[in-house]
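One-based numbering, in listed order, for ligands and for the atoms of each. Count residues from 1 along the sequence. The figures here come from the full heavy-atom set of this structure, side chains too, leaving out hydrogens, waters and symmetry mates.
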Amino acid sequence: GLAMDPELQRKLRADPKLIAEASEEMLRRYTFTVPMRIVRKEVDLAGAKMMPGESVKLFLPAADLDASEFPQPDTYDLNRENNVHIAFGVGPHRCLGSHLARVEIQVLYEEMLAHLPEFRLDPDNPAVFHGGHVIGIERLNLVWDV
Ligand code: HEM
């Protein structure tokens with residue numbers, strides 16, 4: 001997100017207090033967690049029939065791009081109100097490490113913005129992702145001018 005948005009980098013460098021809010025919107029816009037569940041009872045959810053023993057993926061990235069919850073969901077919006085995303089899940093298994101994770105993300109952004117000049121994605125070496133329970137980045141090549 002940051003590497004694609006020089007304007008956002010400028011804003012956060014000028015006012016690092018915005019980084020906490022910016023990280024929350026990153027978590028929403030680019031939610032990457034897909035927890036699994038095993039079906040216990042036969043259930044019909046909006047026409048999708050699920051049988052006991054089947055595994056289902058809770059595709060949280062789609063929930064956090066739900067237009068009925070987040071107007072213009074594809075837009076990264078630093079001023080979004082009521083940004084109640086579920087990147088950390090919901091319910092009894094909600095992420096135990098969410099507070100630590102939030103601090104880690106904020107420190108990462110703070111340090112990157114403090115030490116790197118304006119950076120962008122390397123057009124010659126596109127990022128490589130993998131799917132699964134966690135949509136992960138295998139390679140993220142950044143470039144900047146020196
Ligand atoms: C941005 C980083 C992270 C994200 C987006 C994230 C997301 C999630 C999600 C969606 C779940 C729910 C899984 C489910 O419903 O089955 C979860 C569970 C969990 N997370 Fe995280 N997580 C992050 C970082 C961390 C860190 C840093 C730790 C530990 C230091 C951690 C520890 C846990 C644990 C222990 C659970 C299991 C809780 C349970 O099943 O009761 N997570 N996480």
Side-chain angles (χ1 to χ4, degrees), residues 1-13 15-116 118-122 125-144:
L2 265 185
M4 299 185 297
D5 194 342
E7 178 59 31
L8 178 63
Q9 289 186 42
R10 269 193 290 278
K11 272 190 208 158
L12 300 184
R13 281 199 177 89
D15 187 359
K17 284 197 298 296
L18 296 174
I19 287 177
E21 204 52 46
S23 309
E24 284 309 300
E25 178 65 350
M26 288 290 176
L27 283 163
R28 182 202 68 83
R29 176 60 188 83
Y30 304 107
T31 297
F32 52 84
T33 34
V34 187
M36 299 292 295
R37 292 291 185 272
I38 306 289
V39 177
R40 300 296 294 272
K41 282 190 294 195
E42 185 178 331
V43 62
D44 188 313
L45 188 68
K49 200 166 178 191
M50 296 177 233
M51 302 302 284
E54 287 179 350
S55 52
V56 288
K57 283 184 167 176
L58 310 180
F59 197 70
L60 305 185
D64 282 342
L65 293 173
D66 179 348
S68 64
E69 287 292 326
F70 307 101
Q72 295 187 295
D74 293 340
T75 305
Y76 178 94
D77 179 1
L78 193 50
N79 302 314
R80 201 172 275 285
E81 279 171 23
N82 300 321
N83 192 2
V84 188
H85 64 73
I86 56 171
F88 292 112
V90 279
H93 293 285
R94 192 186 176 283
C95 180
L96 202 57
S98 63
H99 303 288
L100 176 64
R102 282 187 160 119
V103 172
E104 288 179 340
I105 295 169
Q106 289 172 31
V107 170
L108 173 72
Y109 289 160
E110 279 165 20
E111 296 297 316
M112 282 183 79
L113 292 166
H115 295 286
L116 288 179
E118 192 177 291
F119 52 89
R120 55 191 183 279
L121 296 176
D122 181 351
N125 288 299
V128 180
F129 295 86
H130 63 247
H133 301 294
V134 175
I135 301 167
I137 303 178
E138 301 203 3
R139 262 206 324 274
L140 179 66
N141 299 290
L142 302 177
V143 291
W144 54 84

Open item on the list: Among all protein heavy atoms in this structure, tell me which lies nearest to atom 39 (C) of ligand 1, with the distance rounded to 0.1 Å.
Closed with: His93 ND1, 3.3 Å
TODO: Look only at interatomic distance and state if Arg37 has a nitrogen or oxygen under 3.5 Å from any nitrogen or oxygen of ligand 1.
DONE: yes
Open item on the list: salt bridge (charged side-chain N to carboxylate O under 4.0 Å, His left out) for Glu118 and Arg10? Distances and angles first, verdict last.
Closed with: CA-CA 8 Å; Glu118 192 177 291; Arg10 269 193 290 278; 3.1 Å; yes
Open item on the list: Consider side chain to side chain contact (heavy atoms under 4.5 Å, CB included). Of Glu25, Met26, Glu24, which one does Arg28 pass it with?
Closed with: Glu25
TODO: Using a 4.0 Å heavy-atom cut-off, say whether Thr31 meets ligand 1 through its side chain, its backbone, both or neither.
DONE: neither
Open item on the list: Looking only at distances, can you tell me whether any N or O atom of Glu104, backbone or side chain, sits closer than 3.5 Å to an N or O atom of ligand 1?
Closed with: no
TODO: Taking the side chain as every heavy atom from C-beta outward, state whether Glu7 and Leu78 have any atom pair closer than 4.5 Å.
DONE: no
TODO: Between Leu96 and ligand 1, find which residue part has any heavy-atom pair under 4.0 Å and reply side chain, backbone, both or neither.
DONE: both
Task: Ligand-residue contact atoms, ligand 1 with Thr33, heavy atoms, under 4.0 Å - done: 5 (C), 7 (C), 10 (C)
Open item on the list: Under a 4.0 angstrom heavy-atom cut-off, which atoms of ligand 1 come close to Phe32?
Closed with: 1 (C), 5 (C)
Task: Ala101: numbered ligand 1 atoms lying under 4.0 Å from its heavy atoms - done: 1 (C), 2 (C), 24 (C)
Task: Distance-only polar pair, side chains of Asp66 and Ser68, donor-acceptor under 3.5 Å - done: yes
TODO: Select the closest option to atom 26 (C) of ligand 1 among Gly89, Pro35, Gly97, judged by heavy-atom distance.
DONE: Gly97
Open item on the list: With the threshold set at under 4.0 angstrom, would you say Leu58 reaches ligand 1 through any of its heavy atoms?
Closed with: no
- [ ] Look at atom 10 (C) of ligand 1 and find which of Ser23, Ala87, Pro92, Cys95 reaches it with the closest heavy atom.
- [x] Ala87
TODO: Any atoms of ligand 1 less than 4.0 Å from a non-hydrogen atom of Leu100? List them with their elements.
DONE: 30 (C)
TODO: Starting at CD1 of Ile137, measure out to CZ of Phe129 and round the result to the nearest 0.5 Å.
DONE: 4.5 Å
Open item on the list: Nearest 0.5 Å, please: how far is CD in Gln9 from CG in Leu12?
Closed with: 8.5 Å
Open item on the list: Distance alone, cut at 3.5 Å: any donor-acceptor contact between the side chains of Gln72 and Asp77?
Closed with: no
Task: Phe70 six-ring face occupied by Arg80 cation (under 6.0 Å, within 45°) - done: no
Task: Residue pair Trp144 / Leu116, side-chain heavy-atom distance below 4.5 Å - done: yes
- [ ] State the atoms of ligand 1, each with its element, that fall below the 4.0 Å cut-off from a heavy-atom position in Leu60.
- [x] 10 (C)
Task: Nearest neighbour in protein (non-hydrogen) for atom 11 (C) of ligand 1 - done: Phe88 O, 3.9 Å
